[in-house]
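Everything below concerns the one structure shown next.
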Amino acid sequence: RVKGKWAATQPKQPPTKMALQHFDATYSTQLGALWPSIRVALLSERKYGALLNHFSHNPDVEELQGQGCKDFISNGEAFMFPASADHHSEFRPEEDSSSLSTVTHGGGSWQPSPLRLSPNIRCLVFPRGDITRFRPARPDKFGLLSYYLLDAASMLPCLALDVQESHTVLDLCAAPGGKALALLQTQSVRFLCANDLSVSRTSRLKRVLHSYVPKALLTDDKLCITSFDGTIWGEIERNSFDRVLVDVPCTTDRHSLMDDDNNIFSRSRVGERRSLPQLQAQLLLAGILAACPGGDVLYSTCTLSANQNQAVVQQAVQLAEEQHGIQLQVISLRPLAQMFSNTFHFAPDLHLGEMVIPHLAANFGPIYLCKLRRLT
Ligand code: SAM
């Protein structure tokens, strides 16, 4: 038996190891037989996608296509709708009576979702099993970079948000800006408010937007960048935005297994890590309050943890109803998952939302997403 005073002198475990121990303990129960395969993928090199910059004119893109890269978004549509393979189309899936009949937590109900994907969002990926790396993007003659590298699965929350012409959009936790950039690529957003608590990360977000988007589209009447605590957004502005993205801080599972720097599993951050679900629920509730009645809110994370995913959505839906009398509907993202099942592996049978799970042949994610519509 190790005595307390000896235990204190034992070598400290690096945070990456602590993260793995934590995930082994929790995910083997939560994910069962799926966990060993996900674990191997999480510990292997991740795969990126190249979000093409519609505003840049650069031959890099043709070169990538020559290497076998494909736009997974138009490919997904071609897979679902062979007749409209050449352009992004309106997507109105058949209603699924099983999803309609399920009534849920906090009074919400599930509905299938009509998605109309913007033809301007394109994201290139190498084929399944191909782990070629993208080289860094180069600037065109106007100094704009041709693509932004990111986890291709993080495009899904942007697609699921379904931004339409003249929408106002709030991105509550926006830095470093990959999703804000994707939303601007649609060229449909009338006004984007990109917020992030961290001032240094907000500066990075500004740099990203200025490296990809022409100045004429970054004027004050089109874009506002702020550094507020998102949890108090309800005190700033309510019932306002057509679309709200709530891409919260989380245990960032992949990063936590790979990098000891700035790792949320370090001893000094135990309290912060344990209070994540509470912070996430506050942020989601603030996002719900910021949306206009009839507006949509998209919650997303990059963790597999049900405590930070489904449980947070349930809690926020309940708080919205109990404290603010707001009724919400959960919008099914199953059609979106089906559309992109050739590119990503999705967790089967999730009772709330969808989750991309890492897989050795398609090593994207984890990304969890859940869409809520304000009924009142
Ligand atoms: N959406 C971003 C993107 O696509 O590049 C990634 C967002 S990252 C997952 C979460 C962000 O939440 C971090 O940049 C962090 O600074 C920010 N954050 C943490 N606490 C916050 C709070 N209380 N209010 C607003 N932002 C917060």
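Values below: every heavy atom of this structure, side chains too, minus hydrogens, waters and symmetry copies. Ligands are counted one by one from 1 in listed order, and the atoms in each one are counted from 1 as well.
D171 has no carboxylate O lying under 4.0 Å from a charged side-chain N of K179, or vice versa, which leaves the two without a salt bridge. A salt bridge is defined here as a Lys NZ or Arg NE, NH1 or NH2 lying under 4.0 Å from an Asp or Glu carboxylate O, and R133 with E45 meets this definition.
Protein heavy atom nearest atom 12 (O) of ligand 1, with residue, atom name and distance: C173 CB, 3.3 Å. In terms of protein heavy atoms, atom 24 (N) of ligand 1 is closest to G230 N, 2.8 Å. Residue, atom and distance of the protein heavy atom nearest to atom 19 (C) of ligand 1 are P249 CG, 3.4 Å. Scanning all protein heavy atoms for the shortest distance to atom 1 (N) of ligand 1 gives D247 OD2, 2.7 Å. Closest protein heavy atom to atom 11 (C) of ligand 1: D196 OD2, 3.4 Å.
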| said: Go through it in stages, so that I can follow the logic: the residues are F364 and F344, the test is ring-ring contact (aromatic ring centres under 6.0 Å, His included), and I'd like the CA-CA distance, side-chain angles, deciding distance and then a yes or no. | reply: CA-CA 7 Å; F364 303 108; F344 305 110; 5.2 Å; yes
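Side-chain N/O atoms of S227 and T202 include a donor and acceptor closer than 3.5 Å. Under 3.5 Å, the side chains of N263 and R273 contain no donor-acceptor pair of N or O atoms.
The part of R201 lying near ligand 1 is the side chain, judged by heavy-atom distances below 4.0 Å. The proximity of A174 to ligand 1, defined as any non-hydrogen pair under 4.0 Å, is limited to the backbone.
Near G177, meaning under 4.0 Å from one of its heavy atoms, ligand 1 places the atoms 3 (C), 5 (O). Residue contact check: S198 has heavy atoms under 4.0 Å from atoms 16 (O) of ligand 1. Residue contact check: V248 has heavy atoms under 4.0 Å from atoms 9 (C), 10 (C) of ligand 1. Ligand 1 places these atoms under 4.0 Å from at least one heavy atom of P176: 5 (O).
Considering backbone and side-chain N/O atoms, D171 never comes within less than 3.5 Å of an N/O atom of ligand 1. An N or O contact shorter than 3.5 Å is missing between Y148 and ligand 1 by distance. Considering backbone and side-chain N/O atoms, A175 comes within less than 3.5 Å of an N/O atom of ligand 1. Geometrically, ligand 1 and L279 share no nitrogen or oxygen pair separated by less than 3.5 Å. Of the N or O atoms in G178, one or more lie within a sub-3.5 Å distance of an N or O in ligand 1.
For the ligand labelled ligand 1, residue L205 lies outside the 4.0 Å heavy-atom shell. The shortest heavy-atom distance from T301 to ligand 1 is not under 4.0 Å. Heavy atoms of L283 approach ligand 1 to within less than 4.0 angstrom.
Taking the six-membered ring for Trp and thresholds of 30 and 60 degrees, F228 and W233 have ring planes more than 60 degrees apart, a perpendicular arrangement.
A distance of 6.0 Å or more separates the ring centres of F126 and F72.
Among all heavy-atom pairs drawn from Y212 and L144, the shortest one is C-CD2, 3.7 Å.
R39 places none of its side-chain heavy atoms less than 4.5 Å from the side chain of L42.
Taken together through direct or relayed side-chain contacts under 4.5 Å among Ile, Leu, Val, Met, Phe, Trp and Tyr, I73 and Y148 form part of one hydrophobic cluster. Hydrophobic clustering, with ILVMFWY side chains joined whenever heavy atoms are under 4.5 angstrom apart, groups L284 together with L289.
Nearest to atom 23 (N) of ligand 1 by heavy atom, out of L172, L181, D229, is D229. Of all the listed residues (T226, L150, T231, L197), L197 holds the heavy atom that lies closest to atom 22 (C) of ligand 1.
In this structure, R46 satisfies the cation-pi test against Y48, with its NZ or CZ atom closer than 6.0 Å to the six-membered ring centre and inside 45 degrees of the ring normal.
Between the R269 side chain and the N262 main chain, a donor and an acceptor come within less than 3.5 Å of each other.
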